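Presented below is the structure to which this report refers.
Every value quoted in this text rests on a predicted model; they were computed, and no experiment measured them. Here is the naming used below: chain letters follow the sequence lines, and residue numbers restart at 1 for every chain.
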2 protein chains.
Amino acid sequence: MEQILPHLDSVFSIDCVLFGFDGKELKILLIERNEEPFKDWWALPGNIVGSDESLDQSAARILYELTGLRGIYMEQYYAFGDPGRHPQGRVITLAYYALIRLGGDKDLRPVSTYAKQANWLPITALPKLAFDHQKIYDKGLEKIKRRIKHQPIAFELLPEKFTLTQLQHVYELVLGKTLDKRNFRKKIVSFGVLKELDEKQKGVSYRAATLYRFDKRKYAKLFGKEISF
Amino acid sequence: MEQILPHLDSVFSIDCVLFGFDGKELKILLIERNEEPFKDWWALPGNIVGSDESLDQSAARILYELTGLRGIYMEQYYAFGDPGRHPQGRVITLAYYALIRLGGDKDLRPVSTYAKQANWLPITALPKLAFDHQKIYDKGLEKIKRRIKHQPIAFELLPEKFTLTQLQHVYELVLGKTLDKRNFRKKIVSFGVLKELDEKQKGVSYRAATLYRFDKRKYAKLFGKEISF
DNA sequence: AATATAGTGTGTATTTTTTACACTAAGTAA
DNA sequence: TTACTTAGTGTAAAAAATACACACTATATT
């Protein structure tokens, strides 16, 4: 988002693609703009980088202001700076993606005045986006597709305790293809970063699945080894 | 590089890690600063982004000013913006790497006044670098290590016609490990992006090797398929 | 002409990884 | 007790990765 346009040569902002998973769908958080340009359009949340904060801090602040969440996994992935990308002047923006597990829509905080509303929208049915935000989103999705194959980031979209089926579901949604159940389980277990718990899924009307947890200590020991899907 | 510091809230620059290969070693281009801060230190070449140029254009211009070269493969890879990274104020910098084949040091142009000299230095013996440029370089090397495994970028470091041994040499230098000759050739040929020429290496005092060329058309046909080393 | 030198170019067997594929077990609800 | 729904498991075949050594060829040297 780039509403504040002081008369400087250039403005430096951060835009965020916040991916959320509610157990069913992969969604991103969009805000409906209440100001020109692109009034009434949907846009990625973003803001100007403060003068005393690091880039990562700035991204975390933007996310916090919108969702009230802290400690979320975020990663910088690309800078967009075409001279024409903002109709009112030069705005260079740095894109971050974040991965968030959604427990209902309660995560949403009141939103600042420049937005009418903020909403989690499924990535399978996104509206037209303001500015070059479609490009920013596309590149973000591409990045997490690539990264989920090599880094243990899928867990960031799930609750602390999860079933293997849920984990597979995340992979399938991000990669955009179905995976074989037996092969998936074989592989994910062979990485040795999961801890099997003495606990079962609850509240389901069928056989309850075993719960697992991502084991950071085991993962730390693998340092250097490549994970690959 | 960040010499110009107008009294703005923040300054936005680009720094470049220019990787060059001379047939023997992998080198990067560094400049020796002639101004405070970090006077007499070696630093990555860089400059302020102009108000009417895109980020890629800006990076290309910086490279051109220093080397006289155009049409070089460059890629943006990370933004560095810690509040303390520049002693005189807030400077956010976007890092690019470039891959260049060196044909002797003739590529070097006269250098602007803020630098005493510019030099290609082997990456195996780099001096201490100004600002946070060591961090920027480290991340750049990491990036090309990763990218050379999946994208056909090694050719950018070689002349148009090259031998398989030269190509292997590039991979070994970038990856920092030796590769098996037979397996390397088997694999690289199986990708199907090389065109074998009716031409041999010249001027060597031993059996001349066959020359190859990177075949962009064949590569275009592979779109979507993953290359992997 | 013979020899030394230095890098080119090639094949196969073994191991590891990836893929394809289908049924039984367990728990809940009616 | 039966129907329903998802959990959980193994094996065989194919593909990919690895390990490994020697003969060939062009030139330079004597």
- Message: Both Ser228(B) and Arg182(B) contact DNA chain D. Which one's nearest nucleotide lies toward the 5' end?
- Response: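 Checking each residue's closest nucleotide, the 5'-ward one belongs to Ser228(B).
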
Write down the distance between [atom1] ([X]) and [atom2] ([N]), rounded to a whole number of angstrom.
X         : N       : atom1 : atom2 : result
Glu196(B) : dG9(C)  : CD    : C1'   : 11 Å
Gln168(B) : dG7(C)  : CD    : C1'   : 12 Å
Phe184(A) : dT18(C) : CZ    : P     : 14 Å
Ile188(A) : dT9(D)  : CD1   : C1'   : 17 Å
Lys202(A) : dG27(C) : NZ    : P     : 14 Å
Arg185(B) : dG11(C) : CZ    : P     : 12 Å
Gln201(A) : dA26(C) : CD    : C1'   : 13 Å
Lys200(A) : dG27(C) : NZ    : P     : 7 Å

- Query: So what does Thr210(B) hit on the nucleic acid, given a heavy-atom distance under 4.0 Å: a base, only sugar-phosphate, or nothing?
  - Reply: sugar-phosphate

- Message: Under 4.0 Å, counting only non-hydrogen atoms across every strand here, what does Thr165(B) touch: a base, just sugar-phosphate, or nothing?
- Response: sugar-phosphate

- Message: Quick check: closest heavy atoms across Leu66(A) and Ile31(A), and the distance to 0.1 Å?
- Response: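 Closest approach of Leu66(A) to Ile31(A), heavy atoms only: CD2-CG2, 4.0 Å.
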
- Looking only at non-hydrogen atoms, find the nearest pair between Pro159(A) and Phe162(A) and report the distance.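 It is O-CD2, 3.4 Å.
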
Show me the protein contacts with nucleotides 27-30 of chain D, counting only N or O atoms at under 3.5 Å.
none

- Task: Describe, in one word, how the ring planes of Tyr219(A) and Phe214(A) are oriented to each other, choosing from parallel (under 30°), tilted (30 to 60°) and perpendicular (over 60°).
- Result: tilted

- Task: Would you please classify the geometry between the Phe131(A) ring and the His133(A) ring as parallel, tilted or perpendicular, with 30° and 60° separating the classes?
- Result: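 Rings of His133(A) and Phe131(A): tilted, as their planes differ by 30° to 60°.
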
- Report the residues that fulfil side chain to side chain donor-acceptor pair (under 3.5 Å) with Glu160(B), sequence neighbours left out, ordered by chain and then residue number.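 For Glu160(B) there are no side chain to side chain donor-acceptor pair (under 3.5 Å) partners, ignoring immediate neighbours.
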
- Message: Assess the residue pair Tyr212(A) and Phe155(A) against the criterion (ring-ring contact (aromatic ring centres under 6.0 Å, His included)); give the C-alpha distance rounded to whole Å, side-chain angles, the decisive distance to 0.1 Å, and a yes or no.
- Response: CA-CA 10 Å; Tyr212(A) 288 77; Phe155(A) 312 103; over 10 Å; no

- Item | Lys/Arg N to Asp/Glu carboxylate O, Lys143(A) vs Glu75(A), below 4.0 Å | no

- Message: Check this for me: does any side-chain nitrogen of one of Glu65(A) and Arg61(A) sit under 4.0 Å from a carboxylate oxygen of the other?
- Response: yes

- Taking atom types as modelled and ignoring hydrogens, do the side chains of Lys149(A) and Ser228(A) form a donor-acceptor contact shorter than 3.5 angstrom?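 There is no such pair (donor and acceptor under 3.5 Å, judged by atom type) between the side chains of Lys149(A) and Ser228(A).
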
- Report the residue (Phe229(A) or Tyr212(B)) whose heavy-atom-nearest nucleotide on DNA chain C is the more 5′ of the two. Tyr212(B)

For nucleotides 12-17 of chain C, give me every protein contact, N/O to N/O, under 3.5 Å, one pair per line with atom names.
from, atom 1, to, atom 2, distance (Å)
dT12(C), O4, Lys186(B), NZ, 3.0

